[in-house]
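As structure tokens, the structure follows; a few thoughts come after it.
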Amino acid sequence: MESVALECPLPGSTASLDACRRGDRQALDAFFRAEIPALQRLIARLIGPSGDLDELLELTLIAAMDAFPRYRGEASPQRWLTRIAVNIVYQEFRRPERRRRVALELVPSDALIDQGPLPDRTFEGRSRVRRLYQLLDKIPPKKRIPFVLHVFEGRPIDEVAAIVGASVVATKSRIFWARRGLLARARRDPSLRELFDQEAP
Amino acid sequence: MSWACWRMARLIDRRAAGLSEAERLLLEQHVATCSACREQSTLLNHLAELSDRAALDVHPAASSDRLIARALARADRRRLFPESSTVVRARPRFAQLAAACAVLLVLGVVCGSALSRFARTRGTSVAPVASGAGSRQNVATVLAGSVFLGERELTRGSRLPEQSELALAEASEIAVAHAHVRSDAPAQVSWDGAHALLELRRGAVDVSVDPAPKRPFFVKTARFRVEVMGTEFHVDLTHVRVSRGRVRVLAPDGALLSELSAGQEYALPDTGASAASAPLPDVPSAPTLVSEPDCKERLSAARHALATGNLAAARRELSSALGQHPSTAQLAEIHMLFGDAARLAGDSAQASSEYLGVFQRFPRLPVAEAALFSAARAEQRAGRVAHARELFESYLAHYPSGQFRSQAQDSLAAGQGSR
């Protein structure tokens, strides 16, 4: 039988990016397949343990497909994709109904038979992660996103500034205020405060 | 906060991005002497660990294949319906939003009243039409496995033409309209996007239909058609097995063969020839319910069998229904149907006995009226005129304004005339 499948260039190569710009499905498929794990981690870090991860990932892929013909190659494809994902997350944060939703957490089956920490520790850890993101939810997205990208994700300030589309000075200022707000709330929060107290002499 | 602490805060923030050796030493020295910065550093460190956990605790992409295929399909739909884009959510401007809502409300009221007037004048209800613009929603895409369009193998994410003949290899999956079709073994299907109709030519498929769009979806074989709104079921050329929701199985002429709910199965009776090659009857005989159907379904099957003249099957179903703890109303109906079966078999005496039994045992049920009248007719047919006359008079006495009053009076008048 005749196969329609074409030889696909390496994802991220110039030929592959050109094919993606033309809307070649196989090239898009290969490109996204390579980028999905990093995108997933990024979105998860930004939104925390939420059931919206797959939906946001899907929206990111759709937006990237739409935007590919306009991608000029000035930034690396990864940074370009990160910027799209950050925009999608930003829009998600601004949806008013988001604040009324409670996500049901999926517990992976291997976590239930984990030989590592005891179940109460696992639960405690999960509740602390949830608590952290509840505190982050109180910080405006404009400040929260650069803070998470710089302080938690470890991206340099100038890269964060490029991703969020702000000047370096404005980005530093946003990170400063986000940091201050988060630390003040974390100090008042009993479960997070415990983390610090455990280490205090 | 001193100037030194201010600088150290920047270094603490940059720790994840990486510090030079000199910066690291500077930070360590400062933190050793400044308790406020030490506390900040420790706390931020822990928070960063929690954030790492959120990022790394993610389940591996449920299925990258499916995610990419879904995104490709949604991108296709957005190209067809650019106005329904969900990606860009602009900040709502409330004044504009309120104005738009008001306009929509007015339009809705105007259109609603116009439609209801139209429906009244035509004496029909307005039904949605599943063609034209609607068919544009019935996009079909390859999700996984090997799918062949004629001799050509389609790649994952390929869109299918609105009318297509497809061969699905093992473990293939396609998305057609609002349904996912999966084949565990080779199957041959044709897809008609305009009518959301999937025709199974050979093999078997598992179909999962999303109920959200509230649009019908049809799966057809040569001998029956399955109508679904939102459910999950397995279908081959002679069987339908429902895992979730409900489906209706219809004969090619539209007659209802069976209604199945989760866990039930419908099987066409074996005709002794393979379905692919044998000439097919227009209306199949009574369905055989493979799973244990309840009394209601037995009654339904019996009524269908009676309607198609299959008296043996009807009696079988009725006998089985008797063993399934029927309710009083069901028991009355079972005996009425036994009476009908006897009447159709030409045994009017037996029919009369069954009908009279219903009237005597269940006088308070609505069915008693029909039972008494039917008994009188059966007696009349059997030639027992005197007994028939008694029964007609009894009917008129019990039900002076009953639904068969005029027929009973006519029968009595005819009896007098003939005497």
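So you know, we letter chains A, B, ... as the sequences are listed, proteins then strands, and number each from 1. For clarity, every value in this text was computed on a predicted model and none was experimentally measured.
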Just how far is it from atom CG of B:Asp13 to atom CZ of A:Phe152, taken to the nearest 0.5 Å?
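Those atoms lie 9.5 Å apart.
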To the nearest 0.5 Å, what is the distance between CZ on A:Arg128 and CG on B:Leu47?
11.0 Å
Closest approach of A:Ala186 to B:Leu43 (non-hydrogen atoms, all atoms of both residues)
CB-CD2, 4.0 Å
Work out which heavy atom in A:Arg45 is nearest to a heavy atom in B:Ala48; give both atom names and the distance.
NH1-O, 4.4 Å
Interface moiety of [X] toward chain B, non-hydrogen atoms closer than 4.5 Å:
| X | value |
| --- | --- |
| A:Ile43 | neither |
| A:Leu183 | both |
| A:Ile175 | side chain |

Counting only heavy atoms closer than 4.5 Å, note whether B:Asn45 contacts chain A via side chain, backbone, both or neither.
neither
B:Arg10 versus chain A, heavy atoms under 4.5 Å apart: side chain, backbone, both or neither?
side chain
How about [X] and [Y]: do any of their side-chain heavy atoms sit closer than 4.5 Å?
| X | Y | value |
| --- | --- | --- |
| A:Arg179 | B:Leu44 | yes |
| B:Gln40 | A:Arg187 | yes |
| B:Leu50 | A:Tyr133 | no |

Give a yes or no on whether A:Trp177 atom CH2 has more than 12 heavy-atom contacts from other residues, nucleotides or ligands under 6.0 Å away.
no
Answer yes or no: does atom CZ of A:Arg180 have more than 12 heavy-atom neighbours from other residues, nucleotides or ligands under 6.0 Å?
no
Go through it in stages, so that I can follow the logic: the residues are A:Ile36 and B:Ile68, the test is side chain to side chain contact (heavy atoms under 4.5 Å, CB included), and I'd like the CA-CA distance, side-chain angles, deciding distance and then a yes or no.
CA-CA 9 Å; A:Ile36 276 182; B:Ile68 293 171; 3.8 Å; yes
